Amino acid sequence: MPAKPLFSIRDLDVEYHTRGGDVRAVESVSFDIRRGEILGLVGESACGKSTMGKALMRLHRKPARITNGQLLFDGRDLMTLTEDEMRFVRGGEIGMVFQDPMTSLNPVQKIIEHLTETIHAHEPNTTNEEAHRRAGELAEKLGIRSERLNEYPHQMSGGMRQRVMISLALALRAKLVIADEPTTSLDVIVEANFLDLLRELRHEFDLTILLITHNIGVVAEICDRVAVMYAAHLVEIGDVRKIFTNPKHPYTRGLLRSVPNIDLDDKDLYKMEGAPPSLLDPPSGCRFHPRCPDRMKICSRKNPVLQKVGSDSQVACWLYSKEGKA
Ligand code: SF4
């Protein structure tokens, strides 16, 4: 029997209340994050992936609100916890790494203070000596030299700051790290080092990672499975290798074709037709239908739901259902 998922997200809706009306940035999204995996969450800008990342930790702030859904993390529904209880889940069980760590790190606090304060906040009985010892050991594992622990965040490079963010998650032995575009501000060499580090930490700390990114290359490099979002909906999820070699959803196909490939003779970059829709007034039926080269009559009328295709993949597209072919 397959192991129980670490995190099961069920029927999640997240809305933004705006002057122009309510915008549903995440709609009816359900998927599992399996223990020990690195799951990539991809899609174009404003498809809802970052909103979802924050909502999973209930870190979303007004005007965003979760209007429906369950967040079943390690046996508990996070939606039923109080804000105080959630504070212990954040950092203690789920850590988050953002694109710009400067927004999360206190500019007037040294790195060592960030680490020891985090440990004390969640484990008040830990002595100062023990907190310093753990912080030092962790920093060493993450390639942060001990003398750098006395520096302030602004004295570190982007790559080093990302290491600090991960060390804050690991200081409390988080089971899951949600990393939102963690490599976007890094150059390619630092990015490659950071991805290597994630791979090592995942095994050493038995970590599960949700990697939110628009960078398909990063997903190919490091993820076990990939989930694809389009206009607030999850449209495909499955094994990275299978999806990359045989994408089912026309949007996934378009995304993958848009990535430059030096092995192909045709060096002209493929450009997907059109642009993602406004979520204030999304298209009827399948949200991708105005851009889809395979659209059928049913596509503009009815929204397809995720269904199993093959042994371990799911896709939301009428091309793979009897109803669509009828
Ligand atoms: Fe294209 Fe229809 Fe599939 Fe949507 S449901 S992706 S429009 S074929």
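Position 1 is the first residue of the sequence; numbering continues from there. Start at 1 and go down the list; that is how both ligands and their atoms are numbered. Keep in mind the model is a prediction, meaning the values are calculated, not measured.
At a heavy-atom distance under 4.0 Å, atoms from both the backbone and the side chain of C317 approach ligand 1.
For the residue pair R291 and Y230, a side-chain donor N or O sits within less than 3.5 Å of a side-chain acceptor on the partner.
In terms of protein heavy-atom proximity, atom 1 (Fe) of ligand 1 is closest to C292 SG, 2.3 Å. For atom 2 (Fe) of ligand 1, the closest heavy atom belonging to the protein is C299 SG, 2.3 Å. Among protein heavy atoms, the minimum distance from atom 5 (S) of ligand 1 is reached at W318 N, 3.3 Å. Protein heavy atom nearest atom 4 (Fe) of ligand 1, with residue, atom name and distance: C286 SG, 2.4 Å.
Those atoms of ligand 1 with a heavy atom of L319 less than 4.0 angstrom away are 8 (S). Near H249, with a cut-off below 4.0 Å to any heavy atom, the atoms of ligand 1 are 6 (S). Each of the following atoms of ligand 1 lies closer than 4.0 Å to a heavy atom of D294: 8 (S).
Using a cut-off of 2.8 Å, one finds that H289 contributes no N/O/S atom close to atom 2 (Fe) of ligand 1.
Looking at every heavy atom in both residues, I33 comes nearest to R225 through CA-NH2, 4.5 Å.
Using a distance-only test at 3.5 Å, with no hydrogens or angles considered, no donor-acceptor pair links the side chain of E236 to the main chain of V226.
Other residues, nucleotides and ligands contribute more than 12 heavy atoms inside 6.0 Å of the CD atom of E130.
Here NZ of K141 is found 12.0 Å from CG of L197. Values are rounded to the nearest 0.5 Å.
Between R134 and E129, no side-chain nitrogen of the basic residue sits less than 4.0 Å from a carboxylate oxygen of the acidic one, so the salt-bridge criterion is not met.
The aromatic rings of H154 and Y152 lie parallel to each other, their planes meeting at an angle below 30°, with 60° marking the opposite boundary.
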